Amino acid sequence: MTRVALSRLPGDRVLVVEDGAESVLAASELPSYVGVREPEAPRWVWDDTVRWYPSLLAAGVRVQRCHDLRLGHHLLRRAPAVDAQLLQGAESAYWDRLGPSTPSDPALFSVDETAEHLRADLEDSRQLAAVAASSEATRLGLLLAAESAGALVAVEMTYAGLPWRSDVHERLLADLLGPRPPRGARPEKLEATVAEVRAAFDAPGLNPDSRPEMLAALRRAGLDVTDLRASTLRAHAHPGVVALLRYKQLAHLFQTNGWAWSDQWVSGGRFRPSYQPAGSTTGRWSSNGGGALSFPAQVRPAAMADDGWRLVVADVAQLEPRVLAGMSGDQALAKSARGADLYQGMVDDGAVASRNDAKLGLLGAMYGATSGESGRMVAGLTRRYPDAFGLVEEAARAGERGQVVRTLLGRGSPALGEAWERDPDDPPPDADSQARYRRAYGRFTRNFIVQGTGAEWALCWIADLRNRLWRLGGAGSLVDRPHLVFFLHDEVVIHTPADLADEVAAEATAAATTAAGLLFRDLAIDFPLTISTVRSYAEAGKPGAAVDS
DNA sequence: CACACATGCGCC
DNA sequence: AGGGCGCATGTGTG
């Protein structure tokens with residue numbers, strides 16, 4: 001496949017390198033240049049998708065495939081199967097240091113003038129050579145392609161935005177909090193809750209946001225608490241606790257997803273958060289603006305499709321347990337995974353008494369629970385599913401020995417010590433705390449292989465789905481046809497003309513099959529989706545939510 | 001004054 | 001003595 005490397009040059013020019021041939025364009029010519037090449041679908045190679053793609057999209061150019069060198073560099077540098085020496089060369093130290101940029105500030109990442117003008121073609125050659133020389137070239141190649149496709153999706157989703165009805169959002173806020181207050185003031189209903197809390201604890205002037213003040217007030221009232229978590233407070237029957245819990249809930253809504261949040265992240269009828277692919281060490285995405293990945297259920301009613309359009313919401317049932325079954329090749333767990341509910345499958349298989357036990361046991365195994373109900377379930381299930389439980393157990397032991405682990409497609413975990421930086425001023429840790437530290441790292445590596453491989457499955461899923469949605473056709477640009485508008489680890493939302501919703505749902509299912517095949521080949525693991533076609537995101541997943549049309 | 005950290009909550 | 005994140009506030013530090 002043709003690769004075309006794009007690098008920025010001083011003076012708003014772009015260096016284009018294809019098969020060793022160099023040419024120079026003015027930056028303003030780039031959209032038409034890319035647009036005209038795009039039907040042939042070369043792979044565009046660039047430093048960071050966020051630095052190139054938004055302006056192309058704004059000019060109406062949709063890119064089919066790319067290679068994101070920043071993501072690739074960080075991934076390959078830590079991949080156990082890659083000889084990191086092969087990534088060394090001209091400017092490689094800059095690539096090592098490149099941090100993420102954001103759509104609102106794409107230049108933020110540049111460390112100095114040189115980093116602004118890195119040669120994409122040189123780094124691309126090194127990455128290609130490093131992959132080719134690796135013992136896991138095929139898997140790493142797939143991972144790089146999926147990661148880069150994810151970077152395209154991330155920029156496209158910020159560009160398109162999640163359809164947002166500010167009137168619905170404001171009505172919701174007004175109902176719960178009262179009218180929008182002046183800057184710096186609490187809304188009426190929140191202030192009223194503060195008054196209730198003060199009265200209940202006989203503490204005029206109490207600031208419920210102050211931890212020391214609040215703890216003192218609770219103790220004076222005879223409540224023996226050392227923290228203010230909702231779960232702790234709920235255990236105490238005191239009239240003030242009810243008011244305090246309501247205050248905490250409303251205050252969180254006001255502060256996190258209230259008017260100020262809307263001012264900053266909603267524009268033109270769209271919620272446009274910023275996504276950061278591979279923002280977490282496991283390869284999961286994170287979000288560095290707008291809080292996309294902690295988008296609370298409370299405000300989802302405001303996410304509404306345009307008139308004549310629908311939201312197709314698809315999520316994978318028990319993604320990580322299924323991934324564990326696939327990567328461990330555990331036949332018994334794969335059998336329980338055959339169906340819509342893996343946990344129920346374990347019950348039907350006679351492995352556990354209840355669905356809840358199954359869930360506790362599996363989550364416990366993946367997170368490294370050692371005690372409580374969850375820890376107790378793990379022991380019994382280990383005998384039933386030795387390959388699956390053995391795999392995470394071995395990952396934990398490797399971590400405790402100080403070894404790095406890798407995902408199915410070859411992403412490496414950060415090393416012990418790299419995972420959590422130590423303060424050099426701290427006294428050297430004693431044997432006890434060293435052992436604790438190693439066990440904590442073991443829990444991390446245990447979870448890393450499953451969470452990381454789950455992220456890889458999801459990347460393959462959205463990458464294939466993105467292409468399928470484009471092929472579904474329709475005329476016009478990205479936002480005139482079915483397109484992804486939200487992604488949350490194991491769930492996607494597609495905004496689509498209503499008459500295409502059924503086809504979109506079918507493509508989401510087909511893409512899940514593709515992803516399963518890419519990762520697990522012949523080991524047919526089912527990844528059933530829960531799909532809803534709705535007007536409002538809040539209706540998704542509920543029985544009877546389907547829109548008749 | 002800016003900054004880092006702790007706490008608590010949201011999501012998976 | 002269960003993994004990964006982001007965000008807001010208050011508090012303590014330089």
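Since the structure is predicted, the reported quantities are computational estimates derived from the model, not experimental observations. Note that these values count all heavy atoms, side chains included, but never hydrogens, waters or copies made by symmetry.
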Participant: What verdict does the salt bridge (charged side-chain N to carboxylate O under 4.0 Å, His left out) test give for A/Asp263 and A/Arg180, after you've listed the backbone C-alpha separation in whole Å, the side-chain angles of each residue and the deciding distance to 0.1 Å?
Facilitator: CA-CA 12 Å; A/Asp263 288 347; A/Arg180 179 173 192 166; 2.7 Å; yes
Participant: Answer with base, sugar-phosphate or nothing: what part of the nucleic acid does A/Ala230 contact at a heavy-atom distance below 4.0 Å?
Facilitator: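 Touches sugar-phosphate only.
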Participant: With respect to the side chain of A/Leu228, which nucleotide from C/dG3, B/dC12, B/dG8 is positioned closest?
Facilitator: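 The closest nucleotide is B/dG8.
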Participant: Could you walk me through whether A/Arg211 and A/Asp227 pass salt bridge (charged side-chain N to carboxylate O under 4.0 Å, His left out), step by step?
Facilitator: CA-CA 8 Å; A/Arg211 203 181 125 78; A/Asp227 69 75; over 6 Å; no
Participant: Could you state the CD-C1' distance from A/Glu400 to C/dG2, rounded to the nearest angstrom?
Facilitator: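 Checked: the CD to C1' distance equals 14 Å.
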Participant: Roughly, in whole Å, what's the span from CG in A/Asn207 to P in C/dG10?
Facilitator: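 Going from A/Asn207 (CG) to C/dG10 (P), I get 6 Å.
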Participant: Hey, which of these two, A/Glu213 or A/Ala292, hits DNA chain C nearer its 5' end, going by closest nucleotide?
Facilitator: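 Taking each residue's closest nucleotide, the earlier one in sequence belongs to A/Ala292.
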Participant: Report the nucleotide, chosen from C/dG6, C/dA8, C/dG10, that has the shortest atom-to-atom distance to any side-chain atom of A/Gln255.
Facilitator: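 Closest nucleotide among those given: C/dA8.
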Participant: How many whole angstroms separate atom CZ of A/Arg186 from atom P of C/dT9?
Facilitator: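 Answer to the nearest Å: 11 Å.
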Participant: Are A/Glu400 and A/Arg443 close enough for a salt bridge, meaning some N to O gap below 4.0 Å?
Facilitator: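 No, A/Glu400 and A/Arg443 are not salt-bridged.
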Participant: For a quick test of reading the model: is some side-chain N or O of A/Arg443 closer than 4.0 Å to OP1 or OP2 of C/dG3?
Facilitator: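 For A/Arg443, the contact criterion (side-chain N or O under 4.0 Å from OP1 or OP2 of C/dG3) is met.
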Participant: Heavy atoms under 4.0 Å, any strand shown: does A/Gly364 hit a base, just sugar-phosphate, or nothing?
Facilitator: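 The answer is nothing, as A/Gly364 stays clear of every strand by at least 4.0 Å.
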Participant: How close or far is atom P of B/dC9 from atom CZ of A/Arg246, stated in whole angstroms?
Facilitator: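 Those two atoms, CZ and P, are 17 Å apart.
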Participant: Look at all strands and tell whether A/Asn257 reaches a base, only sugar-phosphate, or nothing, counting heavy atoms closer than 4.0 Å.
Facilitator: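 Nothing: the residue A/Asn257, judged by heavy atoms under 4.0 Å, touches no strand.
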Participant: Run the ring-ring contact (aromatic ring centres under 6.0 Å, His included) test on A/Trp261 and A/Phe271 for me, step by step, so that the C-alpha distance in whole Å, both residues' side-chain angles and the decisive distance to 0.1 Å come before the verdict.
Facilitator: CA-CA 10 Å; A/Trp261 169 85; A/Phe271 167 42; 4.9 Å; yes
Participant: At under 4.0 Å, does any side-chain N or O of A/Ser286 touch on OP1 or OP2 of C/dG6?
Facilitator: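 So the side chain of A/Ser286 is within the cut-off, an N or O lying under 4.0 Å from OP1 or OP2 of C/dG6.
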Participant: Can you measure A/Phe271 atom CZ to C/dC7 atom C1' for me and round it to whole angstrom units?
Facilitator: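 In whole Å, C/dC7 C1' and A/Phe271 CZ are 12 Å from each other.
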Participant: Rounding to an integer number of Å, can you tell me how far A/Arg229 CZ sits from B/dG8 C1'?
Facilitator: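 About 8 Å, once rounded to whole Å.
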Participant: Has A/Tyr367 got its ring stacked on the base of C/dG3, with centres under 5.5 Å and planes less than 30° apart?
Facilitator: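 It does: the ring sits over the base of C/dG3.
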Participant: Assign A/Gly290 to base, sugar-phosphate, or nothing according to its heavy-atom contacts below 4.0 angstrom with the strands shown.
Facilitator: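 Sugar-phosphate, backbone atoms only, no base.
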Participant: Return no unless some side-chain N or O of A/Arg284 is found under 4.0 Å from OP1 or OP2 of C/dC5.
Facilitator: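 So the side-chain polar atoms of A/Arg284 never come under 4.0 Å of the phosphate oxygens OP1 or OP2 of C/dC5.
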Participant: Rounding to an integer number of Å, can you tell me how far A/Leu250 CG sits from C/dA8 C1'?
Facilitator: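 Result: 16 Å.
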Participant: Among C/dG4, C/dT9, B/dC11, find the nucleotide with the atom closest to the side chain of A/Pro296.
Facilitator: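 Ranking C/dG4, C/dT9, B/dC11 by closest atom to the A/Pro296 side chain puts B/dC11 first.
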Participant: Which part of the nucleic acid, if any, lies within contact of A/Leu488, taking any heavy atom under 4.0 Å across all strands shown: a base, the sugar-phosphate backbone alone, or nothing?
Facilitator: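 Counting heavy atoms under 4.0 Å across all strands, the contact made by A/Leu488 is with sugar-phosphate only.
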Participant: Side chain of A/Arg300, heavy atoms from C-beta onward: which of C/dG2, B/dC12, B/dC9 has the nearest atom to it?
Facilitator: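 Among the listed nucleotides, the one closest to the side chain of A/Arg300 is B/dC12.
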Participant: Check every atom of C/dG2, B/dC12, C/dG4 against the side chain of A/Asn447 and return the nucleotide holding the closest atom.
Facilitator: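 Selected nucleotide (nearest to the side chain): C/dG4.
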Participant: Can you find a side chain N or O atom of A/Ser294 that sits less than 4.0 Å from OP1 or OP2 on B/dC12?
Facilitator: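 Checking B/dC12 against A/Ser294, no side-chain N or O comes under 4.0 Å of OP1 or OP2.
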Participant: Could you work out which one of C/dA8, C/dC5, B/dC11 sits closest to the side chain of A/Thr281?
Facilitator: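 Selected nucleotide: C/dC5.
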Participant: Looking at every strand, decide which applies to A/Gly289 at a 4.0 Å heavy-atom threshold: base, sugar-phosphate, or nothing.
Facilitator: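 Result for A/Gly289 = sugar-phosphate.
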Participant: Between C1' on B/dC9 and OH on A/Tyr247, what's the gap in Å once rounded to a whole number?
Facilitator: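 Spelled out: OH on A/Tyr247 to C1' on B/dC9 is 13 Å.
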Participant: On DNA chain C, nearest-nucleotide positions of A/Thr282 versus A/Thr256: which is more 5'?
Facilitator: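 That would be A/Thr282.
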Participant: Does a side-chain N-to-carboxylate-O contact under 4.0 Å join A/Glu196 and A/Arg246?
Facilitator: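 So A/Glu196 pairs with A/Arg246 through a salt bridge.
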Participant: Are any of A/Lys248's side-chain N or O atoms less than 4.0 Å away from OP1 or OP2 of B/dC9?
Facilitator: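 Indeed, a polar side-chain atom of A/Lys248 lies that close.
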Participant: Is A/Arg77 salt-bridged to A/Asp96, going by a charged N under 4.0 Å from an acidic O?
Facilitator: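 Looking at A/Arg77 and A/Asp96, the cut-off is met.
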Participant: Indicate yes or no: does A/Glu156 engage A/Arg466 in a salt bridge with an N to O separation below 4.0 Å.
Facilitator: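 Yes, A/Glu156 and A/Arg466 are salt-bridged.
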